[in-house]
Asker: 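Quick one: this structure, given as structure tokens, is what I'll be asking you about.
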Amino acid sequence: TTANVKGFFGSLWPDGQPERVGFVTVLPPNAPSCINDTNVNADGASNLLSANSEHVGGVHCLLADGSVRFFSNSIDTGNLTLINNPGSPSPYGVWGALGTKDGGDQATVPD
């Protein structure tokens, strides 16, 4: 089934729950997310969360240097059918490279 059971865009970010503030770069921006718990007051035990936004065409993300950048839904996501091996470059294109530090990826952040 498809249901938006934890859709609180921006309103509960101080809570710190991963489904409110975290995401992975395995999924493209604004892709559907998955979580195994429908309790809106608790973290799910496992999840796969994309960066989501109500902005048209992409998402704003806070980077480690404190800057905020807009990333388009059409950013290079490489081959989404591959499994990422820890310590190896991400197979998920520029988007995947932005989400890892261990693979030696080189990613140019768009201005």
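All values reported here derive from a predicted model rather than from experimental measurement.
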Asker: Quick check for you: to the nearest 0.5 Å, what is the distance between Phe70 atom CZ and Ser53 atom OG?
Answerer: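 These two atoms lie 7.0 Å from each other.
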Asker: Which word best sums up how the rings of His55 and His60 line up, parallel for under 30°, tilted for 30 to 60°, or perpendicular for over 60°?
Answerer: perpendicular
Asker: Which heavy-atom pair separates Ser90 from Gly96 by the least distance, and what is that distance?
Answerer: OG-CA, 3.4 Å
Asker: Linking I/L/V/M/F/W/Y whenever any side-chain heavy atoms sit under 4.5 Å apart, do Phe23 and Val68 land together?
Answerer: no
Asker: What's the shortest heavy-atom distance between Phe71 and Leu98, and which atoms?
Answerer: CE2-CD1, 3.4 Å
Asker: Does the Thr77 side chain pair with the main chain of Gly93, one donor and one acceptor, at a distance under 3.5 Å?
Answerer: no
Asker: Of all heavy-atom pairs between Asn52 and Ser33, which one has the smallest distance, and what is that distance?
Answerer: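 Looking at all heavy atoms of both residues, the closest pair is ND2-OG, 3.3 Å.
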Asker: Say you draw a straight line from CG of Asn79 to OH of Tyr92; how long is it, rounded to the nearest 0.5 Å?
Answerer: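 Reported to 0.5 Å precision, the distance equals 8.0 Å.
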Asker: Taking all non-hydrogen atoms of both residues into account, name the closest pair between Pro29 and Ser72 and its distance.
Answerer: CG-O, 3.8 Å
Asker: Quick check: is Leu27 connected to Leu49 through a chain of hydrophobic side chains (ILVMFWY, heavy atoms under 4.5 Å apart)?
Answerer: no
Asker: So do Pro28 and Leu80 actually touch side chain to side chain, heavy atoms under 4.5 Å?
Answerer: yes
Asker: Is Val59 reachable from Ile75 through a run of hydrophobic residues whose side-chain heavy atoms are each under 4.5 Å from the next?
Answerer: yes
Asker: Once you round to the nearest 0.5 Å, how far does CG of Asn30 lie from OG of Ser74?
Answerer: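 It is 11.5 Å, given to the nearest 0.5 Å.
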